[in-house]
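Written below as structure tokens is the structure these notes are about.
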2 protein chains.
Amino acid sequence: MLASDRAYEALRDDILNWRIAPGTALSETELAVRLGISRTPLRAALARLALEGLVDTSRGRTGVVPDISVESIAQQFEVREALELQAARLAARRRDPAVFQELAESFAHATETLAEGGTEAYYAVVARFDAAMEDAVGNPAMRSALESVRIHLFRARRLAQDNPERLLRAAAEHRLICEAVRDGDGELAASATAVHLHGSLTTITDTLHDRTELADRTTHGTEGT
Amino acid sequence: MLASDRAYEALRDDILNWRIAPGTALSETELAVRLGISRTPLRAALARLALEGLVDTSRGRTGVVPDISVESIAQQFEVREALELQAARLAARRRDPAVFQELAESFAHATETLAEGGTEAYYAVVARFDAAMEDAVGNPAMRSALESVRIHLFRARRLAQDNPERLLRAAAEHRLICEAVRDGDGELAASATAVHLHGSLTTITDTLHDRTELADRTTHGTEGT
DNA sequence: CAGCATGACTCTGTATACAGAACCGAAGAG
DNA sequence: CTCTTCGGTTCTGTATACAGAGTCATGCTG
């Protein structure tokens, strides 16, 4: 594999999993030494991340990892809603019913999945769902647009401690989407997707509010205790 | 300005205006010599174009300018429809009425604009419209998503010889969108946008069909005449 | 004459060297 | 004590050199 690709994946993984704190300056020389490559392929990786929005180069020449705000997440969701609803409508038109029948059953067994494999196992089913939707739509442009917005979302999801209750509700929402797509009911699929996204955004927003308050307390409030 | 940025803009301009034929291999060394820079900043420019989809690196290491097909345009429009309809709804919610009132009047005078300034003057108004929509939405993520899909579209539009009748109809469609946004009627704005996109896609598709037939004739059909 | 192998050439991917600019710290003036 | 300025340091942006892989042509063999 190319050194630039390895650097890209390594950095992307670090950013998505919050191993690099927001605001951290991404020094090219330092990162190149750390990853054991020269600056040339590393620059390519940084440029790619910057174009995807995972590195902010707007202020100053040196890139920094952007922070996540309630506002930025809400904006991402406005884009995501547009794309996912359209994808749901198109998928309902072009789907293979058997695929979404199987997925609907998987989501119906979410309780067991969570009990046996935990949140990871559940998210694996969600990943299969996302892939099935993209396949059903069969539109490379739509796929890359969805992946672009999902990258940012993945970062926010890593932050949100999904409680089992929320995940079970999300599973029920996903199940309904699958059934609607299976039946070719595009409008229901779109509506169910809107419902799901609303719940998802609410969960993330609540988590971010908690996180912001916590950060404010540790920053300013210590002298008050 | 940075050499890599100049290279990016120069190449982008060449690709968008069909000065580089689809399928042309983009040799790094050759382009670097032509633009008077070294390969390092040129590679950055090529990588950026590849990520935006203006250069295809999928088959082979060396990038080529992708061709435009009816299918690829239809796929781009599926994404564009999702984004523009959402943008229209959001813009109607957050707009400054005066801005869209002024734009509606500009589109009402499209006949004079076309007579005096030609298609260029008309497209300048459309550019103002696009910018006003993005400003009204006030969502950087939506803006970049829209710009991404509009880049591809710009290339197709360069191909379509817009006849005055189509442009006048498009102006009427734009005018309705502006009035709906001005009045805060998101659903009407979305519907009017859908109508406009349908007309736009139809025009481009027809042009592409003509172009394909022409290419087929010049390639295979000469022995028949 | 056709198919294959071999060799040269070109191209990409990577490393390194260098120049210019920005930033940080310290020292001096007000 | 604070502000400004100057020097050093570090960083990015660019150019160039080099190695490996792929490709094309040519010559040889069957």
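The chains referred to below are lettered A, B, ... by the order of the sequence lines, with proteins before strands, and numbering in each begins at 1.
- The OG1 atom of Thr29(A) sits 12.0 Å away from the CZ atom of Arg34(A) when rounded to the nearest 0.5 Å.
- A heavy-atom distance below 4.5 Å is found between the side chains of His174(B) and Tyr122(B).
- Contact annotation: the side chain of Arg80(A) never approaches that of His152(A) to less than 4.5 Å [non-hydrogen atoms, C-beta and beyond].
- Remark: Arg12(B) fails to qualify as a cation-pi partner of Phe154(B) under the 6.0 Å distance and 45° angle criteria applied to the six-membered ring.
- No cation-pi contact links Arg95(A) to Phe100(A), judged by a cut-off of 6.0 Å to the six-membered ring centre and 45° from its axis.
- The stretch residues 2-13 of chain A touches DNA chain C through Leu2(A), Ala3(A), Ser4(A), each having a heavy atom under 4.0 angstrom from the strand.
- On the nucleic acid side, DNA chain D contacts chain A at distances under 4.0 Å to non-hydrogen atoms, with the end points of that region at dC11(D) to dT14(D).
- Once rounded to the nearest 0.5 Å, the distance linking CG of Asp13(A) with CZ of Arg19(A) reads 4.5 Å.
- Taken to the nearest 0.5 Å, the CD atom of Gln75(A) stands 10.0 Å off from the CE atom of Met142(B).
- For DNA chain D, the residues of residues 24-44 of chain A within the heavy-atom distance limit of 4.0 Å (strictly under) are Leu26(A), Ser27(A), Glu28(A), Thr29(A), Arg39(A), Arg43(A), sorted by number.
- Interatomic distance, CG of Leu49(B) versus CG of Asp56(B), reported as 12.5 Å (0.5 Å rounding).
- Note that Arg155(A) lies in the cation-pi zone of Trp18(A), set by a 6.0 Å cut-off to the ring centre and a 45° limit from the axis.
- Under the 4.0 Å criterion applied to side-chain N and carboxylate O atoms, Glu78(B) and Arg89(A) are not assigned as salt-bridge partners.
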